[in-house]
Amino acid sequence: MGNMAQAICIGIIESGKVDAKDIYSFAPNQEKLAKNAERIGFTPCASLKELAGFADTLIMGCKPYQIESIVAEIGEELKGKALVSIAAGWSLDKYRQILTDETRVQYIMPNTPAMVNAGVFMFEKENTLTPEEHAEVMDIFAEMGLVTELPSNLMNIGMAIAGCGPAFIDLIIEALGDAGVKYGLQRAQSYELASQMILGTAKLQLETGEHPGVLKDNVCSPAGTTIVGVDALEHNAVRAAFIDAVDAVMDKSRG
């Protein structure tokens with residue numbers, strides 16, 4: 001029940017598709033779990049085995065390095081159930097190495113904006129859920145943001161763009177915020193302007209479907225102020241820097 005799991009739990013409850021009391025959760029820190037249960041409304045469990053006994057569909061929301069020990073503890077209890085995993089890198093193929101075919105698996109890669117119902121949820125196309133389970137899970141997660149399916153071989157690049165991307169954009173917000181402070185804006189106001197600008201720009205592209213280059217050109221008047229800034233970014237190879245960042249993520253994921 002970390003931050004991402006809490007966000008998903010809240011999103012499921014707010015969707016109205018599952019009652020809060022019908023969501024069960026376990027976390028090693030029982031005191032913290034109890035406080036979150038009181039705040040959010042889910043039912044806390046004293047052990048993993050208790051949780052697995054109550055639930056028909058389980059969401060694996062722990063750290064990736066913890067999964068093997070969890071499966072070793074409750075692998076038998078997972079038989080005949082659906083396992084939805086949001087742990088980075090744990091694809092269907094990887095689960096197949098430690099689970100039997102009796103456990104149905106769906107790998108989903110979320111991103112942090114899911115915490116404000118503006119997430120991206122990348123569903124691995126290869127899964128073993130029943131058609132009914134798959135449709136229900138996609139329907140629930142769609143309440144919290146964009147749901148898209150990717151083949152297994154494209155999950156890593158999807159993660160690099162949508163999973164790591166928020167950190168890249170946070171750097172931009174921070175940099176624009178610093179620039180605003182440099183020229184007299186209060187820091188909080190500078191961050192607010194930068195964040196809302198990015199939110200609005202993204203919404204404009206999504207709703208119009210226009211090529212980003214067209215939208216950029218619409219802001220750049222001849223001999224104007226914006227084109228001077230764009231020119232400075234081009235001289236500093238901003239596009240190449242973002243592609244290099246994605247290359248670095250992909251190199252790391254292959255390693």
Side-chain angles (χ1 to χ4, degrees), residues 1-11 14 32 35-36 39-40 61 63 86 88 109-122 141-148 157-253:
M1 259 297 165
N3 290 334
M4 183 64 72
Q6 287 180 50
I8 290 172
C9 181
I10 292 169
E14 290 182 348
K32 187 176 180 180
K35 289 180 180 178
N36 284 330
R39 176 174 61 87
I40 297 172
K63 301 296 184 184
I86 60 170
M109 186 68 218
N111 68 355
T112 53
M115 296 179 189
V116 291
N117 283 350
V120 175
F121 299 95
M122 293 159 282
F141 276 79
E143 297 285 338
M144 296 175 276
L146 173 69
V147 165
T148 188
I157 182 58
M159 179 271 296
I161 300 297
C164 300
F168 305 159
I169 300 305
D170 286 334
L171 284 174
I172 294 175
I173 294 171
E174 185 178 24
L176 289 174
D178 284 345
V181 171
K182 178 180 178 181
Y183 286 97
L185 286 174
Q186 294 296 314
R187 184 165 294 279
Q189 187 177 40
S190 194
Y191 286 155
E192 183 180 45
L193 290 173
S195 294
Q196 181 60 40
M197 175 275 297
I198 289 172
L199 180 65
T201 303
K203 186 175 182 180
L204 181 63
Q205 195 284 320
L206 286 170
E207 292 191 2
T208 64
E210 286 278 15
H211 189 287
V214 172
L215 296 176
K216 179 263 296 177
D217 288 349
N218 289 343
V219 189
C220 295
S221 302
T225 53
T226 305
I227 192 63
V228 174
V230 169
D231 183 57
L233 289 172
E234 293 288 10
H235 278 292
N236 283 279
V238 66
R239 299 186 203 215
F242 275 101
I243 294 172
D244 285 349
V246 173
D247 287 342
V249 172
M250 294 299 288
D251 288 344
K252 177 70 173 177
S253 66

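- Going from atom CG of N218 over to atom OG1 of T226 covers 11.0 Å, rounded to the nearest 0.5 Å.
- Annotation for A5 and M1: closest pair CB-CA, 3.9 Å, computed over non-hydrogen atoms.
- The side-chain contact (heavy atoms from CB on, under 4.5 Å) test applied to I227 returns C220, V230, not counting sequence neighbours.
- Counting heavy atoms from C-beta outward, V249 and K252 have side chains that stay 4.5 Å or more apart.
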Exercise for the section: Report the C-alpha distance between V246 and I157 in whole Å, list the side-chain angles of each, state the deciding distance to 0.1 Å, and finish with yes or no for side chain to side chain contact (heavy atoms under 4.5 Å, CB included). Expected result: CA-CA 8 Å; V246 173; I157 182 58; 3.6 Å; yes
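- Remark: I198 CD1 to I173 CD1 distance equals 4.0 Å, nearest 0.5 Å.
- Atom CD1 of I86 and atom CE of M4 lie 6.5 Å apart (nearest 0.5 Å).
- L146 CG to L206 CG: the interatomic distance, rounded to the nearest 0.5 Å, is 8.0 Å.
- Applying the side chain to side chain donor-acceptor pair (under 3.5 Å) test to every pair with at least one member in residues 179-201, sequence neighbours left out, gives these pairs: D178-R187, R187-Y191.
- Here the closest heavy-atom approach between residue A245 and residue F168 is recorded as CB-CZ, 3.9 Å.
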Tell me which donor-acceptor pairs under 3.5 Å the side chains of residues 109-116 have, and how far apart each pair is, sequence neighbours excluded?
from, atom 1, to, atom 2, distance (Å)
N111, OD1, V120, N, 2.9
N111, ND2, A162, O, 3.1

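- Note that CG of L185 is 6.0 Å distant from CG of L193, once rounded to the nearest 0.5 Å.
- Qualifying ring-ring contact (aromatic ring centres under 6.0 Å, His included) partners for F121, counting only residues two or more places apart in sequence or in other chains: F141.
- Rounding to the nearest 0.5 Å gives a distance of 11.0 Å between CG of L171 and CG of L176.
- Under the salt bridge (Lys or Arg N to Asp or Glu O under 4.0 Å) criterion, no residue pair touches residues 208-221, with sequence neighbours excluded.
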Problem - D247 vs M250, side chain to side chain contact (heavy atoms under 4.5 Å, CB included): CA-CA, chis, key distance, verdict - result: CA-CA 5 Å; D247 287 342; M250 294 299 288; 5.7 Å; no
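- For residues 218-235, the set of pairs meeting the salt bridge (Lys or Arg N to Asp or Glu O under 4.0 Å) definition, not counting sequence neighbours, comprises E234-R239.
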